[in-house]
J.: 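Sharing a structure, written as structure tokens. Questions coming.
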Amino acid sequence: MKKIYLIAAIAALSFAINASAEDFLKGKLLTINLKESVAERGDKSFDLSLGGLSRSSSVSLLSLERALEKASEDKDIAMVYINTDHFSSGTAAMEEIRGILSKLKKPVVAYGTDFGNGSYYLASAADKVFMNPEGECSINGLSSTQFFVKDLLDTLGVDIQLIRHGKFKSAGEMYIRNDISPENRLQYEELLGSIWGSFLEEIASSRGISEKDLRSWIDGLQLATAEDMLEKGLVDGLKHRDEMAKYLCHMFGVKEASDVRKISISEYASDLEKGPSSKKIAVLYADGEIVRSGSGIAGEKFSKEIAKVRADSTVKAVVFRVNSPGGEVVAAEMIRREIELLMKDKPVVASYGGYAASGGYLISAACKKIFTDNSTLTGSIGVFGMVPSLGRAMRKTFHVNPVTIGTNEHSTMGSGMKPLSKEEQAWYQEKIEGIYDSFVSTVAEGRSMTKEAVDSLAQGRVWSGKDALENGLADERGTLMDAVRYAADLAGLKKYRIETYPVKKEMSESLMEMLSGKETKKDDDLVKSLVKSYFAPGFHTIARMPEIKINNK
């Protein structure tokens with residue numbers, strides 16, 4: 001009777017599984033509890049604060065994707081259970097995980113106490129979604145907040161001159177305006193609308209509801225409680241945690257939760273097949289802001305890492321995983337050049353994370369193929385430089401009178417103590433124009449487009465990955481693992497080992513560096529680098545982009 005009852009339960013769930021009830025009874029439950037955040041590379045580190053020493057960790061997106069794909073074909077895995085409570089990840093990671101879950105050849109059940117934009121988007125890929133009866137919902141759309149500090153700078157007496165090419169290149173606007181420009185408003189409205197539209201389209205498709213109705217419910221604030229979610233068909237049932245445990249027992253035909261054969265995703269991922277060490281696919285991570293030196297993607301140091309990968313004969317192909325909003329032009333050019341040299345020896349495929357914008361796009365535009373997510377922020381082909389003048393602020397606010405003496409007519413223009421003259425502005429503008437033209441030419445060559453076509457998409461404009469696929473800035477929507485498989489095909493590999501670069505330090509080594517003060521020095525270097533980027537003469541492809549609020553809850 002137990003097997004018959006189980007077969008009926010499976011049929012009621014409409015699970016398309018290639019397994020008999022006997023296989024299901026003997027199988028394991030793969031559990032995904034996302035209390036740990038999902039990060040590009042994953043990390044286990046120590047945080048030292050007034051509260052003492054604590055350990056923090058995040059799960060590698062690559063490991064999670066590999067484990068899920070393995071589970072899809074594993075006869076020993078009967079079902080996947082995902083708990084979205086405390087879920088935290090970037091939009092791209094979220095999208096990639098959801099995409100794999102929606103194609104899994106196993107039944108998937110999701111549970112959440114509360115649901116926000118991100119956590120529900122992920123959960124909606126499951127065959128069945130359950131929610132705590134006392135839970136709350138905050139699915140209300142995406143937002144981006146930008147701050148404009150010109151009025152404050154005027155009060156302090158700080159003068160900022162922004163020199164740029166690209167009417168959409170908005171990173172420096174906060175210093176020269178007290179409100180958003182029409183171009184910047186337009187690009188962010190369309191950017192947010194594109195990403196949110198993709199989210200709603202996928203949710204509506206998975207739940208078999210109208211996207212129009214879903215938008216109406218959200219705009220009408222009709223999704224607040226668990227009962228609202230059930231009434232609208234966004235969840236399949238309401239269960240407390242103990243009831244959810246009984247549900248899983250029922251599915252596996254056992255009486256006690258301890259009798260369900262479970263394996264966590266982290267345990268399952270640790271047993272992934274490594275493949276032959278003589279045939280490797282290198283996943284090369286460019287994760288962070290591009291800087292000349294210090295923390296982030298340091299141009300000089302990262303270029304040496306690329307050279308090492310190029311020299312390694314066991315590496316047969318490379319996936320260049322880019323998750324960067326851009327940074328300093330010279331550093332980006334160092335990296336772009338090394339990627340160009342790498343491509344002469346090995347196939348190189350780009351895979352985009354949450355950001356691949358400005359310098360992040362520049363360093364990867366020439367790759368054999370570009371995989372992106374719909375929610376990736378990319379493009380931003382433009383250049384800006386900022387020159388501050390602090391002399392008036394020194395006199396007005398701090399009552400300090402700076403006196404700068406130079407040998408030539410323009411030798412004081414880099415001192416930051418006085419505004420640029422018209423001739424000096426023109427000199428800087430000419431440099432900006434040259435960098436922009438080089439940027440456009442690089443993209444045009446890498447993407448097999450005309451300079452005119454690239455320029456029409458450029459001007460510093462940021463595009464969603466979905467739009468980039470339509471306008472030719474990217475080639476295919478796909479996950480990090482999709483890029484790995486494509487790179488393997490280019491290299492003619494059937495069996496291979498995946499290795500990640502740059503090689504990460506052991507946790508014990510990181511702890512010793514932190515206790516010795518080296519880690520603090522790195523943080524200081526990053527702060528200095530960012531201060532230099534914002535408040536010293538120079539040219540940078542982009543500063544950190546305004547955040548898009550996902551609200552994962």
Side-chain angles (χ1 to χ4, degrees), residues 5-17 24 27-35 68 71 77-89 94 97-98 100-104 106-139 199 202-209 213-214 217-218 222-265 551-553:
Y5 191 57
L6 180 59
I7 293 172
I10 296 174
L13 287 170
S14 300
F15 287 146
I17 58 174
F24 196 85
K28 294 179 181 178
L29 177 68
L30 179 63
T31 62
I32 306 174
N33 194 327
L34 293 174
K35 287 185 178 179
L68 285 173
I77 299 297
M79 181 190 290
V80 175
Y81 173 71
I82 179 168
N83 188 324
T84 63
D85 289 349
H86 310 293
F87 172 62
S88 175
S89 84
M94 187 193 320
I97 296 168
R98 189 190 189 282
I100 295 175
L101 287 172
S102 65
K103 298 175 183 177
L104 218 60
K106 304 289 179 180
V108 180
V109 173
Y111 179 79
T113 301
D114 301 309
F115 282 126
N117 294 327
S119 56
Y120 183 73
Y121 170 69
L122 183 65
S124 65
D127 298 279
K128 291 291 177 180
V129 182
F130 296 95
M131 187 176 180
N132 191 300
E134 305 304 321
E136 297 179 351
C137 174
S138 54
I139 303 173
F199 278 25
E202 293 180 31
I203 291 172
S205 176
S206 294
R207 297 304 301 176
I209 59 178
D213 286 343
L214 183 55
W217 299 335
I218 293 170
Q222 297 179 47
L223 304 176
T225 67
E227 288 291 343
D228 293 335
M229 295 289 282
L230 182 63
E231 179 187 343
K232 298 294 191 295
L234 295 176
V235 300
D236 298 289
L238 306 181
K239 295 181 183 295
H240 292 284
R241 288 181 178 273
D242 60 299
E243 293 172 325
M244 197 66 212
K246 290 179 182 178
Y247 171 84
L248 294 175
C249 289
H250 164 69
M251 288 303 303
F252 279 82
V254 298
K255 292 184 178 180
E256 301 294 333
S258 58
D259 294 329
V260 177
R261 297 176 64 220
K262 300 177 183 176
I263 183 169
S264 70
I265 193 72
N551 179 20
N552 293 318
K553 197 164 183 181

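A quick note: this is a predicted structure, and the numbers were derived from the prediction, not measured.
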J.: Between the side chain of Asp127 and the main-chain N/O of Pro107, is any donor-acceptor distance below 3.5 Å?
T.: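 It does not hold such a pair.
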J.: Which pairs, with at least one residue in residues 246-259 and sequence neighbours excluded, count as a salt bridge (charged side-chain N to carboxylate O under 4.0 Å, His left out)?
T.: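 Qualifying pairs: none.
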J.: With Ala226, which residues qualify under side chain to side chain contact (heavy atoms under 4.5 Å, CB included), at least two apart?
T.: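 With sequence neighbours excluded, Ala226 shows a side chain to side chain contact (heavy atoms under 4.5 Å, CB included) to Met131, Leu238, given in chain and number order.
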J.: Side chain to side chain donor-acceptor pair (under 3.5 Å) with Ser205: which residues, sequence neighbours excluded?
T.: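 For Ser205, no residue satisfies side chain to side chain donor-acceptor pair (under 3.5 Å) once neighbours in sequence are set aside.
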J.: So, using side chain to side chain contact (heavy atoms under 4.5 Å, CB included) as the criterion, who are the partners of Lys232 when residues are at least two apart?
T.: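 For Lys232, the residues satisfying side chain to side chain contact (heavy atoms under 4.5 Å, CB included) (neighbours in sequence not counted) are Trp217, Gln222, Leu223, Leu234.
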J.: Mind checking side chain to side chain donor-acceptor pair (under 3.5 Å) for Asn83 and listing every partner two or more places apart, or none if nothing turns up?
T.: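 Result, side chain to side chain donor-acceptor pair (under 3.5 Å) vs Asn83: none returned.
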J.: Roughly how far, to the nearest 0.5 Å, is the CZ atom of Phe115 from the CG atom of Asn132?
T.: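 Atom-to-atom, Asn132:CG and Phe115:CZ are 10.0 Å apart.
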J.: Would you say CD of Glu227 has more than 12 non-hydrogen atoms from neighbouring residues, nucleotides or ligands within 6.0 angstrom?
T.: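 It does not: Glu227 CD has 12 such atoms or fewer within range.
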J.: Quick one: does any side-chain atom of Arg207 pair with a main-chain N or O of Ser124 as donor and acceptor, under 3.5 Å?
T.: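 No, the answer is negative, given that no donor and acceptor are paired below the 3.5 Å cut-off.
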J.: Would you compute the distance between atom OG1 of Thr84 and atom CG of Asp114 and round it to the nearest 0.5 angstrom?
T.: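 Between Thr84 OG1 and Asp114 CG, I get 9.0 Å after rounding to 0.5 Å.
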J.: Kindly write out the residues that satisfy side chain to side chain contact (heavy atoms under 4.5 Å, CB included) with Ile100, not counting sequence neighbours, or none if the list is empty.
T.: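 Testing Ile100 for side chain to side chain contact (heavy atoms under 4.5 Å, CB included), a comparison that skips the adjacent residues, returns Glu65, Leu68, Glu69, Leu104, Thr479.
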J.: Rounded to the nearest 0.5 Å, what separation is found between the CG atom of Leu248 and the NZ atom of Lys262?
T.: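 Atom-to-atom, Leu248:CG and Lys262:NZ are 6.5 Å apart.
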J.: Restricting to side chain to side chain donor-acceptor pair (under 3.5 Å), what partner residues turn up for Thr31, sequence neighbours left out?
T.: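 For Thr31, no residue satisfies side chain to side chain donor-acceptor pair (under 3.5 Å) once neighbours in sequence are set aside.
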J.: Which distance, rounded to the nearest 0.5 Å, do you find between the CE of Met79 and the CE of Met251?
T.: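 Between atom CE of Met79 and atom CE of Met251 there are 4.0 Å.
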J.: Would you say Arg98 and Ser206 make side-chain contact, with heavy atoms under 4.5 Å?
T.: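 The answer is yes; the side chains approach within 4.5 Å.
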J.: Of all the heavy-atom pairs spanning Arg241 and Tyr111, show the shortest one and how long it is.
T.: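 Here Arg241 and Tyr111 meet closest at N-OH, 3.6 Å.
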J.: Measure the OG-CD1 distance between Ser264 and Ile32 for me, rounded to the nearest 0.5 Å.
T.: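 CD1 of Ile32 is found 10.0 Å from OG of Ser264.
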J.: Ring pair (Phe, Tyr, Trp, His ring centres under 6.0 Å) with Tyr121: which residues, sequence neighbours excluded?
T.: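 Checked Tyr121 against ring pair (Phe, Tyr, Trp, His ring centres under 6.0 Å); matches are Phe199.
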J.: Do the non-hydrogen side-chain atoms of Ile139 and Met229 ever get within less than 4.5 Å of each other?
T.: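 Yes - at least one pair of side-chain heavy atoms lies under 4.5 Å apart.
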J.: Restricting to non-hydrogen atoms, name the atom on Ala78 and the atom on Phe252 that form the minimum distance, rounded to 0.1 Å.
T.: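 Looking at all heavy atoms of both residues, the closest pair is CB-CE2, 4.0 Å.
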J.: Can you tell me how far the CZ atom of Arg261 sits from the CD1 atom of Ile77, to the nearest 0.5 Å?
T.: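 The CD1 atom of Ile77 is 8.5 Å from CZ of Arg261, to the nearest 0.5 Å.
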J.: Quick check: does any side chain N or O of Asp236 sit under 3.5 Å from a backbone N or O of Phe130, one acting as donor and the other as acceptor?
T.: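 The answer is no, because no donor-acceptor pair under 3.5 Å joins these two groups.
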J.: Distance-only, no hydrogens or angles: does the Tyr120 side chain make a donor-acceptor pair with backbone N or O of Ile203 under 3.5 Å?
T.: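 Not a single qualifying donor-acceptor pair exists.
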